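First comes the structure, then the notes that go with it.
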Amino acid sequence: MLPETFFVATGIVLGMLTFLCLYRAVIGPSAPDRVVAVNVIGTITLVILVLFAFIYGRTLYIDVAIVYAMINFLSTLTISRYLEKGRVTG
Amino acid sequence: MILLDMLTIAAMAVGLFFLTVGVVGLLRFPDVYTRMHATTKCDTLGAASVLIGLGLYSGDLFTVAKMLLIIVFIFVANPTAAHAIAKAAYLSGEKPYEGTLEDAYGGDLR
Amino acid sequence: MVAMVRRRLPEERARSMVSLAALFLFWILLSSALDPAHIAVGLAAAALVSRFSSDLLIRRDERIPSPKALLPYLSYLGHLAVEIVKANIHVARLVLDPRLPIAPSIVKFKTGLKGEVAKASLGNSITLTPGTLTIDIKGDTFYVHALTREAAEEVRAWHMEKRLKEVEDAA
C-alpha cells in the first residue's frame, strides 16, 4: 500500500513543479528561455504519464508516454530551428 | 517484497530531488545557457531515476522494457534538444550574461 | 523505381537487416504480445519499412560498427553513468548554494574524432557531464559553455574523448 501512496504524492509534487516551470515560461525574458521551460514541462509530463499508468493500473499510459517523449523532442527541435533560421522548412 | 518497495521509493525520491533541483535552477540562474545546464542534466537523471523506481515496482517484463526504451530515449533526446536550443539562442542574438568570462563562439562567428 | 529493381550491395543488405531488427524489436515492445498473428504482422511491417527507408535510420555514409567495438562501448557507457551522477551532484550544489558561485565561459577545443555519430556522442556526453554544455560543432571544433572555471579547464583534455576514440578505432 505504501508505494501507491508515494506515487500519488510524487504526482502532486511534480504537478507543482510544472507550475514553477510555467512561471519561467511566462516571464521569459527571451524566447529560448520559454522553449527551455516548455521542454522541462514536457519531461515532467512524461513522468506524470508513467505515474498515471501505475496509479490507475493501465499500461496504455506508458505507450502514450513514449509517443509524448518523441513529440516533445520533435517540437523542441522545430521551435529551435524556427528561432535559428526564421523558418521551419528548407 | 518490502525491500523492492523500499528501493522503488528511494529511487523515486532521488529522482524527485533532482527534478526539483532542475526546476529551481531554471528559476534561479541568470541567463538561458546556465538555465539549460540545470535543466538538461538534472531533468534527464531525475526522470530516469523515477522511471527506474517504477520499473522495479512493476515486475512485468514488457513494462520494464518500455521504461528502458523511454530512459534511453530521454538520455539521447534531452542533450540533443539542449544543443539545438543553445545554438538557436546564440544565433538568434541571445547574449550570455555579463558575468561570462570568455566567449570563443561569438569571436569565431564574426 | 530504379532503386527497386537494382541489385543491392552487401553493406546495403546489412543496413537493411539492422534496421529490420531494430524496427521489429520496437514493434514487439509496443504491441506487448507474442502470439503468431502479432509477430507475423510485425515482421511484414518491419520488412516493408526497412526495405524502402533503411537509409533514414542508418545513413548511407555511416558504416555498421563491428562487434569488437562492443566492449569499449560498454566501458564508455559505464564511465558515462558515473560522470552523469557526478554532474548532477555538482549542479545540485551550485543551484542550492545561496551565493550561486558560477563563473560561466564559452570555450572551444578541437577533437580527434572522425565519424559524425562519434562526434554527436561526444557532444551529448559533454552536455550530460559536470558543468559543460555543447553549443555548436563545426568540423572538428567544439564550442562548449562551461558553468565554472574548473569545468572549462577539464573539458579541453577530457578522458571520455579518449574512450570514444577507442570505440571508434575498434569499430
Side-chain angles (χ1 to χ4, degrees), chain A residues 1-7 9-10 13-14 16-21 23-25 27-51 53-54 59 62-63 65-66 68-70 72-86, chain B residues 1-2 4-6 8-9 12-13 15-16 19-20 22-27 31-33 35-36 38-40 42-44 46-51 53-58 60 62-63 66-67 69-70 73-74 76-78 80-95:
Chain A
M1 218 50 237
L2 184 60
E4 282 84 352
T5 320
F6 191 71
F7 293 169
T10 310
V13 175
L14 288 176
M16 288 173 182
L17 288 182
T18 49
F19 274 101
L20 291 177
C21 293
Y23 174 71
R24 172 56 75 197
I27 64 164
S30 66
D33 283 309
R34 295 173 218 267
V35 182
V36 173
V38 171
N39 193 20
V40 176
I41 293 180
T43 310
I44 295 179
T45 309
L46 167 99
V47 176
I48 293 179
L49 273 173
V50 180
L51 269 171
F54 281 86
T59 36
I62 299 178
D63 299 322
I66 294 176
Y68 194 87
M70 291 170 181
N72 185 32
F73 177 53
L74 276 184
S75 61
T76 306
L77 285 191
T78 314
I79 297 170
S80 22
R81 195 181 168 86
Y82 176 73
L83 286 177
E84 191 181 323
K85 303 193 171 167
Chain B
M1 291 320 253
I2 193 82
L4 216 52
D5 284 358
M6 281 309 181
T8 297
I9 289 177
M12 285 179 67
L16 203 55
L19 282 171
T20 314
V23 173
V24 172
L26 179 71
L27 294 174
D31 71 345
V32 64
Y33 306 103
R35 278 173 204 147
M36 243 180 284
T39 59
T40 45
C42 294
D43 261 34
T44 312
S49 188
V50 172
L51 293 186
L54 288 171
L56 287 174
Y57 177 76
S58 81
D60 171 46
F62 276 115
T63 309
K66 280 178 192 170
M67 298 290 202
L69 177 73
I70 300 179
F73 185 79
I74 58 177
V76 176
N78 264 3
T80 313
H83 176 123
I85 303 171
K87 194 176 168 190
Y90 207 100
L91 294 181
S92 69
E94 179 74 17
K95 287 275 164 285

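Computed from a predicted model, the values in this text were never measured in an experiment. By convention in this document, chain letters (A, B, ...) are assigned in the order of the sequence lines, proteins followed by strands, and residues within each chain are numbered from 1.
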Tell me, for [X] versus chain A, whether the close heavy atoms (under 4.5 Å) come from the side chain, the backbone, both or neither.
| X | value |
| --- | --- |
| B:Thr8 | side chain |
| B:Asn78 | side chain |
| B:Ile70 | side chain |
| B:Leu19 | both |
| B:Leu51 | side chain |
| B:Ala82 | neither |
| B:Ile74 | side chain |
| B:Thr40 | neither |

Going by heavy atoms in the side chains, are [X] and [Y] under 4.5 Å from each other?
| X | Y | value |
| --- | --- | --- |
| B:Thr39 | A:Asn39 | no |
| B:Tyr57 | A:Glu4 | yes |
| A:Phe7 | B:Met12 | yes |

Given heavy-atom pairs under 4.5 angstrom as the criterion, report whether the side chain, backbone, both or neither of [X] touches chain B.
| X | answer |
| --- | --- |
| A:Ala31 | neither |
| A:Val40 | both |
| A:Met70 | both |
| A:Tyr23 | side chain |

query = Which atom names give the shortest non-hydrogen contact between A:Pro32 and B:Ser92, and what distance separates them?
reply =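 Scanning both residues, the minimum pair turns out to be CG-OG, 4.4 Å.
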With respect to chain B, which residue among [options] yields the maximal number of heavy-atom pairs within a distance under 4.5 Å?
| options | value |
| --- | --- |
| A:Ile79, A:Leu51, A:Ile44 | A:Leu51 |
| A:Leu77, A:Asp33, A:Thr59 | A:Asp33 |
| A:Leu14, A:Leu83, A:Thr43, A:Thr18 | A:Thr43 |
| A:Ser30, A:Ala53, A:Gly42, A:Ala65 | A:Ser30 |

message = Quick check for you: among B:Leu27, B:Thr20, B:Val24, which has the greatest number of heavy-atom pairs under 4.5 Å with chain A?
response =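 Looking at each of B:Leu27, B:Thr20, B:Val24 in turn, B:Leu27 comes out on top.
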ask   = B:Ser49 side chain to B:Gly46 main-chain N or O, any donor-acceptor pair under 3.5 Å?
value =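 Side chain of B:Ser49 to backbone of B:Gly46: no pair is present.
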request  = Take the angle between the ring planes of B:Tyr90 and B:Tyr33 and call it parallel below 30°, perpendicular above 60°, tilted in between.
outcome  =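 Geometry flag for B:Tyr33 against B:Tyr90: tilted rings.
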